[in-house]
Amino acid sequence: MKQRLYKTFCRLLCSLMLINGGCTLKELNDEAPTTIADQVEVLFDWSKSPTKEAQTMVLYLYSDQHDMMDYRFNNPDGGIIRTYGGPHTAVCHSNDDPYGHHLRNHHLHDEIEIYTDETAVLVGQGISTMRIPRAKGTEDEPLRDTPSMIYGTQASDVNLKVSAFLQKLQLYPEELICRYSVEFVDVENLKSADIRIDGTISSLAGGYFPGRMTPTSEAVSHTFTLTADVESNSLRSDFYTFGLPEGEELPHKLCLYVALKNRTGNFYTFDVSDQVNKAPDPRNVSIKIYGLKLPEIPDDPLPPQGEGGVSIEVDTWDTYHFDLKV
């Protein structure tokens, strides 16, 4: 009797701690209660990523004896979970952008993959990606959105005891994402460009395997938007990527799509392979391009009454290609 009351008390205490910790409780098979680890305190230690910008976390526990279990925390610190005892592989990642990031193969710890949507429209100028030219050799690469920052880690040596007593599982998330910047310096005739300017960069990783702590081998082109500074005659964009795809070194083409005020378009391609592949820090890549010259175009007259908005129609693109060296 005392033992039953004790187990009931422990389960009630566990439920209260789960609510306070903001974690989703997974349903377990209680037909064999001796397999349960009733109280596991999950602790996310951010010493490997001092910024700790994550707001929510997801934890997956993989075992040879049981189905994968996943737990969601509405905080970056962790909480109390109830799971199966025994050896596990743990994989965790932040979950702050559930609409921009997608998961597949999450039932296998070494195949779980985070990836982003395909890009239908160049955001800056509202141009459909179905109608834009592509750099030679990259035509078949998917055009994908850039990711947001993701934190995560994995641990393959997790051994949870079958017990009603509190035990700890400590994990050390780190940044899984790379920072890229693109800057055009000393741009001539920048006033000729209409609204914002879009770009793409090719042959970057299409996703990330948090269970392996490596990017995927799929090569994609990421789209991004540059902000113009007319006073300093410059263009700049800062964005995240999954890094370089696993496998052989690939060339990288940067494409610039400039819709001009006369409703024509200029398409520029730059071979930035050296700046990407030979970057001193592959997790922080800086690409700089000097001396871009846009056509000189007089200011447009005011649009007719009732015609406005930011949608741009470009029927033809004038193409220019540049090879760049570090």
Co-members of the apolar cluster containing Tyr290 [side chain, <4.5 Å]: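 The other cluster members (ILVMFWY side chains, heavy atoms under 4.5 Å, direct or chained) are Val185.
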
Contact list for residues 167-187, test ring-ring contact (aromatic ring centres under 6.0 Å, His included), sequence neighbours left out: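 Sorted pair list: Phe184-Phe270.
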
Sequence neighbours excluded - ring-ring contact (aromatic ring centres under 6.0 Å, His included) pairs with any residue from residues 230-260: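 Residue pairs with at least one partner in residues 230-260: Phe224-Phe239, Tyr257-Phe267, Tyr257-Trp317.
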
Selection [range] - residue pairs positive for salt bridge (charged side-chain N to carboxylate O under 4.0 Å, His left out), sequence neighbours left out:
range	value
residues 46-59	Lys52-Asp77
residues 162-186	Glu175-Arg179, Glu183-Arg236, Glu183-Lys288
residues 141-155	Arg144-Glu218

Single-linkage hydrophobic cluster Val121~Ile197, side-chain heavy atoms < 4.5 angstrom: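 No, it is not one cluster - the side chains of Val121 and Ile197 are not joined through contacts under 4.5 Å.
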
Residue list, ring-ring contact (aromatic ring centres under 6.0 Å, His included) with [X], at least two apart or on another chain:
X	value
Phe209	none
Tyr208	none
His102	Tyr115

With sequence neighbours left out, what residues match [X] under side chain to side chain donor-acceptor pair (under 3.5 Å)?
X	result
Thr200	none
Thr269	His321
Glu111	Arg212

Spacing of OG1 belonging to Thr146 relative to CD1 belonging to Ile177, to within rounding of 0.5 Å: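 Interatomic distance, Thr146 OG1 to Ile177 CD1, rounded to 0.5 Å: 9.5 Å.
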
